[in-house]
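Order of appearance sets the numbers: ligands from 1, and atoms from 1 within every ligand. As a basis for the values below, the full set of heavy atoms in this structure was taken, side chains included, without hydrogen atoms, waters or symmetry mates. Position 1 is the first residue of the sequence, and the numbers go up from there.
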Amino acid sequence: YSPELGSTVARRVELERDLRAAVGTSEFALHYQPKMRRDGSIAGFEALIRWNRPGVGLVAPDNFIPLAEQLGLLLHLGRWVIEQACRQIAAWREAGLGTVPIAVNLSTSQLTSAALPDYVFDLMREHRIGPGCLEMELTESMMMSDPDLAIAILHRLRGGGVALSIDDFGTGFSSMSYLRQLPVNYLKLDRSFVQNVAHDAKDADLCAGIMALAHKLDMHVVAEGVETEEQHRTLEACDCDLFQGFLFSRPMSARAATEFLRAGH
Ligand code: C2E
Ligand code: MG
Ligand code: MG
């Protein structure tokens with residue numbers, strides 16, 4: 001026993017207790033980060049969850065999503081995220097801001113839940129969301145626990161008009177055999193490649209290669225974590241389709257995202 005270990009355990013117990021209590025309350029919010037086209041227009045937003053933990057403040061997803069998954073809370077939380085995104089798409093449409101696609105991040109438990117597609121289709125009907133407007137991002141490692149089921153779920157989602165992205169592409173498995181079987185619209189090039197692209201010729205070549213591969217497979221590429229003009233320019237030269245990162249905007253509240261849309265960046 002050590003006092004440090006004791007306090008780590010205590011913190012973890014508190015986190016677990018607070019997280020369990022938070023699900024189903026209004027302590028969660030979605031923040032939205034824009035994805036930009038080559039011409040500078042807004043292609044859509046990625047929804048990123050935040051937890052407003054009482055007494056602590058806004059907690060980033062990396063600090064509670066893995067625990068929520070372990071505790072079996074993510075199926076419920078993930079449904080809330082999808083519903084919230086559908087409501088936002090409808091709200092922007094009703095505010096006269098047009099059809100603005102929103103991407104939500106999936107979790108492993110959702111990709112092993114055969115009930116997911118019907119749940120999503122019900123929400124799309126309820127909020128009158130047309131094909132291609134709701135997007136879902138997944139990583140290849142999420143599919144590993146039951147690849148056949150995951151692939152079947154993804155085909156159903158895509159068949160029902162949900163656009164699909166492979167998140168953090170280039171890290172993890174990047175298995176070409178899966179890529180061939182997946183009905184995916186977008187590859188999201190991981191931030192780690194984007195970071196050095198302007199200064200490392202090898203990374204730039206690699207990015208250009210990934211763009212060429214994606215385009216051959218009829219997929220578009222979104223660069224993640226674009227922070228500088230140099231990165232942006234180099235990626236443009238590599239034929240990248242969409243750009244996301246702090247250079248354009250940090251993730252922002254629904255209200256700020258609405259202003260961003262109104263300003264028509
Ligand atoms: P992700 O899906 O790859 O999301 C991109 C992350 O990169 C976000 O972190 C975003 O804030 C950050 N980012 C965007 N642009 C830049 C940039 O230019 N520079 C840097 N350094 N970072 C940038 P965030 O919001 O903390 O989310 C982390 C991860 O948490 C996400 O990675 C995603 O895997 C997960 N996540 C977020 N929301 C949800 C959710 O609703 N459900 C699930 N299951 N996972 C979520
Ligand atoms: Mg993502
Ligand atoms: Mg990512």
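- Ligand 1 places these atoms under 4.0 Å from at least one heavy atom of S107: 44 (N).
- Which of P66, P61, S165 comes nearest to atom 36 (N) of ligand 1 through a heavy atom is settled by distance: it is P61.
- Here the side chain of D168 pairs no donor or acceptor atom with the backbone of T171 at under 3.5 angstrom.
- Shown in contact with P251 at under 4.0 Å from a heavy atom are these atoms of ligand 1, numbered in order with element: 11 (O).
- At the top of the distance list for atom 34 (O) of ligand 1, counting protein heavy atoms only, stands N105 OD1, 4.5 Å.
- Residue-ligand proximity: V226 is placed with a non-hydrogen atom under 4.0 Å from ligand 1.
- For F243, the ring-ring contact (aromatic ring centres under 6.0 Å, His included) criterion is met by H232, not counting sequence neighbours.
- The presence of a protein heavy atom under 4.0 Å from atom 9 (O) of ligand 1 is ruled out.
- Applying the 4.0 Å criterion to heavy atoms of E224 picks out, from ligand 1, the atoms 3 (O).
- Geometrically, ligand 1 and Q244 share no nitrogen or oxygen pair separated by less than 3.5 Å.
- Contacts with ligand 1 closer than 4.0 Å are made by no heavy atom of K188, backbone or side chain.
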Considering only distance and modelled atom types, tabulate donor-acceptor pairs under 3.5 Å from the side chains of residues 109-118, sequence neighbours left out.
{"unit_1": "S109", "atom_1": "OG", "unit_2": "E69", "atom_2": "OE1", "d": "2.8"}
{"unit_1": "S109", "atom_1": "OG", "unit_2": "S107", "atom_2": "OG", "d": "3.2"}
{"unit_1": "Q110", "atom_1": "OE1", "unit_2": "S107", "atom_2": "N", "d": "3.0"}
{"unit_1": "Q110", "atom_1": "OE1", "unit_2": "S107", "atom_2": "OG", "d": "3.3"}
{"unit_1": "T112", "atom_1": "OG1", "unit_2": "T108", "atom_2": "O", "d": "3.3"}
{"unit_1": "T112", "atom_1": "OG1", "unit_2": "S109", "atom_2": "O", "d": "3.1"}
{"unit_1": "D118", "atom_1": "OD1", "unit_2": "R156", "atom_2": "NH2", "d": "2.9"}

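- Using a 4.0 Å cut-off to heavy atoms of D62, the atoms of ligand 1 that qualify are 28 (C), 29 (C), 30 (O).
- Scanning the protein for heavy atoms near atom 39 (C) of ligand 1, the closest one is I49 CG2, 3.7 Å.
- Which parts of ligand 1 touch D168 is read off a 4.0 Å heavy-atom cut-off, strictly below it: atoms 3 (O).
- Under the 4.0 angstrom criterion for non-hydrogen atoms, R191 is in contact with ligand 1.
- Only the side chain of V81 comes within 4.0 Å of ligand 1, judged by heavy-atom distances.
- Taking 2.8 Å as the limit, the number of protein N, O or S atoms around the Mg ion (ligand 2) is 4.
- The only option from L157, N185, L154 that meets the side chain to side chain contact (heavy atoms under 4.5 Å, CB included) definition with M136 turns out to be L157.
- Among all non-hydrogen protein atoms, the one lying nearest atom 18 (O) of ligand 1 is F246 N, 2.8 Å.
- Closest heavy-atom approach to atom 14 (C) of ligand 1 within the set H31, M142, E137, Q33: this belongs to Q33.
- Under the rule for a side-chain contact (heavy atoms from CB on, under 4.5 Å), the partners of R37 that lie at least two apart in sequence or sit in another chain are D39, S41, A43, L242.
- Heavy-atom contacts of L106 reach the following atoms of ligand 1: 44 (N) (cutoff under 4.0 Å).
- The atoms of ligand 1 that sit less than 4.0 Å from any heavy atom of E227 are 17 (C), 18 (O), 19 (N), 20 (C), 21 (N).
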